[in-house]
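See below for the structure under consideration.
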Amino acid sequence: MMDKHYDPKAVEAKWYPWWEQHGCFHDEPASGGSPYSVVIPPPNVTGILHMGHALNETIQDVLVRWHRMRGDNTLWIPGTDHAGIATQNVVEKALRKEGKRRHDLGREAFIDRVWEWRRQYGGTIVRQQRCLGNSTDWQRERFTMDEGLSEAVAKVFCDLYDKGLIYRGNYIVNWCPRCGTALADDEVEHEPNEGHLWYVRYPVVGREGEYVTVATTRPETLPGDTAVAVNPNDPRYAHLRGCKVLLPLTGREIPVVFDDYVEKEFGTGVVKITPAHDANDFAVGQRHGLEQVNVMNDDGTMNALSGYEGMDRFACREAIVEDLKKGGYLVKIEPYQNQIGHCYRCHTVVDSRLSKQWFVRMKPLAKPAIEAVRSGEVTILPKRWESVYFNWMENIRDWCISRQIWWGHRIPVYTCACGHEWASPTAPETCPKCGAGKESITQDPDVLDTWFSSWLWPFSTLGWPKKTADLDFYYPTADLVTGADILFFWVARMMMAGFEFMGKAPFRNIILHGIVRDAQGRKMSKSLGNSLDPLEIISQYSADALRFSLALITSMETDTKVDMSKFEIGRNFGTKLWNAARFLQMNAEKLDGFRFADYAGDGLTLDPALLHDDDRHLLLKADHVCAAMNAALERYRIQEGALAIYDFAWTDFCDWYLEYAKADLNAEDAARRRQVLSLLADVYGKILRLLHPYMPFVTEEIWHQLGYCGEEGTIMRAPFPKGYSADRKAAWGLSEEVLTYVETKRELITGVRALRAEAGLQPALAIRLLVRAATPELETKLRADEASIKVAVRAETIEFLANDPETPMPTKLLRAGLIGIPLEGLIDTKAEAEKLDKEITKLRGFLKGIDAKLSNEAFVSKAPAAIIQNQRDRKVELEAQIATLEARKAAL
RNA sequence: GGGGGAUUAGCUCAGUUGGUUAGAGCGUCUGCUUGACAUGCAGAAGGUCACUGGUUCGAGUCCAGUAUCUCCCACCA
């Protein structure tokens, strides 16, 4: 017998290892079925599970489990990303506790240390992912620094290098002084900053008493100025052509240059030009052949050229402002809001600085990736992201891929003492040009951006550059599910890599979902302390609850706001299912030889002679929900699917049908009993299978507990329900009329219950129910259903009357007709009359609206016939209802 | 500066190609320890679908504008 209470902790701890050990997550190219493959967005190896993962992986697992149950040959590849800067930061932090820095260890020892860290702690997130229930194929788990993936990285680099798509150059890059490395443009986060504009006078050389005033937000870069610039069409400064100005504090003379880049309206119309510390200034410098003076060190302190050597850049800013003031150069200070860039890893303010780095030429790579989305070969959902994608791709800039850190794929470029430089996937023994040996060859010290390995993920994980059976069978992958926040970092680059190296798009569909926010709609972050921990939710509510609740509240179009109480939805639903299962089990035990295993597939047989309309209604709704789930998932409408099964299982199955079935399950008629139970077993089995992608644990547990499968079976590989065949639906008499009738009947039951509640009748009190059915046909049907109605509304008798009841009593007008409950003694005629008046007024309002439409010639001539007929029918119905109510009122 | 999104019940959100009386969960109120389930059951209250205009026989749904809130991109020092 099933336990009274469901214990998700024990159940989840049991099934996950069982699935893994039984190879339930594993298919082979030869396993049969058409391929359905997905790669997980690899979390950082330093990461811990957060709500973003929970949402992202729930969506994927729903899709993956659904496809697997549909018989597809399914592969979901898990793995982690070596996360260069993040991981190096973690290990450096640990080292600092020992009072050491990475340079104290040296490169090799440090890298060993990182690997050691990875062995010890790098498994955290993949262990946590298992708690979610992800059906990822752990036999194929990958890490971006694995041998195979590293080989892919080296090959890709060399190919691009040899094609001339990788180049090295001196450009302005984003420099994080804390991490000591260059960052790509999209690794910089811009945030509004309450800063200042300092207005500084630069004396014009050779014109005593004449100045130009520049406005700057970064006075500390002043020692690096090599010009001031004005707009060529600015009459205020036209006379300065050919002039020089004196750079304050330094005594250096720098030219005035004329460049369109300068906005006349901004500040004073004069800009200081610091080509080594600003991208725009760099460009201006290029155009005018200006000197580039870098005034800072790698760690954000000032260097010897600045004249403030060793001073921190922000301290230097103050010092320079102070010195400018003293020297009489400072004109004024204005508060000024601008955007300043921060390192996405450590949030340090980044410096723009001149630096020699490796870049990938992106324009040629972008072309096929743009074309594929434009042609529909690859679709992006929601569709609106397409324009964002195009916009970025069409204005793509070269990708700075070198990082001045140690943890990562070392750049495979070698230089010989002879001056020859080349790229090689393996460490060369000799120089291909002069033949010199290893001792003359040096490798580039930098490593590659982490994304330079993750952009290969969809095929490197399948074995590329080796030609493997996996690669052949599972590439291209089917769906890529990720947050829109890494559309550029990752998705767009994977598209480019897919075309460049595989000649094919890496996936057919890109599914972008929103991010998880807190109850106030704020991003979850460590600093705000508003993060919810998925593991805490799992421990409190279960993984199924986490998954189902997320699925139910997440729309693909928008971000998702969550708080702990949201997970009660999933927990309660799990409990509901559990209790329904207990009910079925209790009843099955009373029937000899009843086996749920007979209902694990689509083999239900029924004797139509024993079927009731409520049975047919349930079967119809079950059929609908099967179709709805498949349709929803085909369109990636995860939420819609969750809602459909939730509503069906709870409302149709439990609230209505189980209650209805109780009478028959306790009745004498053994054949009927058996049929009702088989129907319940069939539909409940469908519910479990439909729900399994969302709630894998509880569905598997019940599947076994009820005995839908043997000990070695699993719901994971049970067929996903498609609904009943047309033949059977016809044989069982499933029709829209049945649907309408049962709904009418239910409205009647609800109506009676409402009447009872309004009249304040004790629940235990059995009533006399009067029904004047809307049509004779309906009356016949209701008479046949009398027993079940009596139970549902606790009526002792039901009297079907041809005429309106004359006695004053609470009544209600429904689709089914007029109902009333005669009460001994008191009836508040005044309240009853008011209720009737209110109802009549409401109906007249509707009638007026319909009359207006029907007398509108435009409506009658232009609206479709069905709509018009509908309105006519409705009018007749309304008129009859109003007449009935008025008769009631008169009788009071 | 450019682009996107949101605005529907007290709260969080559904609402497919325009078509009867706009739905759900939570919360609120009322009554129920009824033989699966109080993590529950039955019932109720609660909405001028942000605003203005337009298209249409008909608009929560399509179009334009306004307001508020958001996100992304961007080199005005």
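Numbered from 1 within each chain, the chains take letters A, B, ... in sequence-line order. Computation of the quantities below employed the complete heavy-atom set of this structure, encompassing side-chain atoms and omitting hydrogens, waters and symmetry-equivalent molecules.
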Atom C1', compared across C63(B) and C26(B): separation rounded to whole Å: 36 Å

Whole angstrom value for the distance that separates C1' of A44(B) from CG of Leu755(A): 13 Å

Would Lys561(A) and Asp518(A) pass as an ion pair if we require N to O under 4.0 Å? no

Check the distance between C75(B)'s P and Phe266(A)'s CZ and give it to me in whole angstrom. 15 Å

Is there a Watson-Crick or G-U wobble partner for U55(B) with both distances under 3.5 Å, and if so, which one is it? none

Could you tell me how far U55(B) sits from G65(B) if I compare only their C1' atoms? Round to whole Å. 15 Å

Scan Val214(A) against the nucleic acid and name what it touches under 4.0 Å (heavy atoms): base, sugar-phosphate only, or nothing. nothing

If I take atom CG from residue Asp563(A) and atom CZ from residue Arg517(A), how far apart are they, to the nearest 0.5 angstrom? 15.0 Å

Walk along nucleotides 28-43 of chain B from 5' to 3' and tag each nucleotide B, S or - by protein heavy-atom contact under 4.0 Å, base first, then sugar-phosphate. ---S----BB-BSSSS

Please report, rounded to the nearest Å, how far the P atom of C72(B) is from the CG atom of Leu487(A). 13 Å

Would you measure the distance from the C1' atom in G47(B) across to the matching atom in G60(B) and give it in whole Å? 11 Å

Side chains of Asn174(A) and Asp185(A) only: does a donor on one sit below 3.5 Å from an acceptor on the other? yes

CZ of Phe282(A) versus C1' of C76(B): gap in Å, rounded? 19 Å

More than 12 foreign heavy atoms under 6.0 Å from CD of Glu634(A): is that the case here? yes

Rounded to whole Å, please give me the gap between CG in Asp647(A) and P in G23(B). 13 Å

I'd like a table of atom pairs between the protein and nucleotides 59-65 of chain B - only N or O on both sides, under 3.5 Å - with the distance next to each one.
none

Nearest-angstrom distance, P atom, G25(B) to G43(B): 12 Å

Pairwise C1' distance, C62(B) and U30(B) [rounded to whole Å]: 44 Å

Students often get this wrong, so: under 4.0 angstrom with heavy atoms, is Gly570(A) touching a base, only sugar-phosphate, or nothing? nothing

Touch class at under 4.0 angstrom, heavy-atom based, for Arg397(A) against every strand present: sugar-phosphate

Considering only the P atoms, how many Å lie between G3(B) and C29(B), rounded to the nearest integer? 49 Å

Rounded to whole Å, the CG-P distance (Asp259(A) to C76(B)) equals 16 Å

Contact class for Lys523(A) (heavy atom, under 4.0 Å): base, sugar-phosphate, or nothing? sugar-phosphate

Using a 4.0 Å heavy-atom cut-off, does Gln339(A) contact any base of the nucleic acid, only the sugar-phosphate backbone, or nothing at all? base

Taking atom types as modelled and ignoring hydrogens, do the side chains of Thr274(A) and Lys272(A) form a donor-acceptor contact shorter than 3.5 angstrom? yes

For C51(B) versus A59(B), give the span between their P atoms, rounded off to a whole number of Å. 15 Å

Re A6(B): Watson-Crick or G-U wobble partner, both distances kept under 3.5 Å, found to be U68(B)

Please determine if Arg236(A) and Asp234(A) form a salt bridge, counting it only when a charged side-chain N lies under 4.0 Å from a carboxylate O. yes

Tyr344(A) and Glu187(A): side chain donor to acceptor below 3.5 Å: yes

Near Lys590(A) NZ, under 6.0 Å, is it more than 12 heavy atoms from other residues, nucleotides or ligands? yes

If pairing requires Watson-Crick or G-U wobble contacts with both distances under 3.5 Å, which nucleotide is the partner of C29(B)? G43(B)

Spacing of Arg287(A) atom CZ and Phe258(A) atom CZ [to the nearest 0.5 Å]: 14.5 Å

For G1(B), the Watson-Crick or wobble partner whose two distances fall under 3.5 Å: C73(B)

Would you mind classifying the nucleic acid contact of Tyr336(A) as base, sugar-phosphate or nothing, using non-hydrogen atoms under 4.0 angstrom? sugar-phosphate

Output, in order, the C-alpha distance, side-chain angles, deciding distance and verdict of ring-ring contact (aromatic ring centres under 6.0 Å, His included) for Tyr646(A) and Trp650(A). CA-CA 6 Å; Tyr646(A) 181 79; Trp650(A) 202 305; 5.6 Å; yes

Distance, P atom - from C13(B) to A9(B), rounded to whole angstrom: 11 Å

RNA chain B nearest-nucleotide lookup for Val388(A) and Ala858(A): closer to the 5′ end is Ala858(A)

Interface polar pairs with nucleotides 13-21 of chain B, N/O, under 3.5 angstrom:
residue, atom, partner, partner atom, Å
A14(B), OP1, Ser555(A), OG, 2.5
G15(B), OP1, Arg637(A), NH2, 2.8
U21(B), O4, Arg874(A), NH2, 2.6

Atom CD of Glu589(A): over 12 foreign heavy atoms under 6.0 Å: yes

With sugar-phosphate meaning primed atoms plus P, OP1 and OP2, does Arg517(A) contact a base, only sugar-phosphate, or nothing at under 4.0 Å between heavy atoms? sugar-phosphate

Assess whether a salt bridge exists between Asp652(A) and Arg746(A), defined as any Lys/Arg side-chain N lying under 4.0 Å from an Asp/Glu carboxylate O. yes

Could you check if a side-chain atom of Ile569(A) sits within less than 4.5 angstrom of a side-chain atom of Leu552(A), using non-hydrogen atoms only? yes

Tell me the interatomic distance from Ile273(A), atom CD1, to C75(B), atom P, rounded to whole angstroms. 16 Å

Go through the side-chain N and O atoms of Ser788(A) and Lys745(A) and say whether any donor and acceptor fall under 3.5 Å apart. yes

Can you tell me the distance, in whole Å, between the CD atom of Glu334(A) and the C1' atom of A77(B)? 13 Å

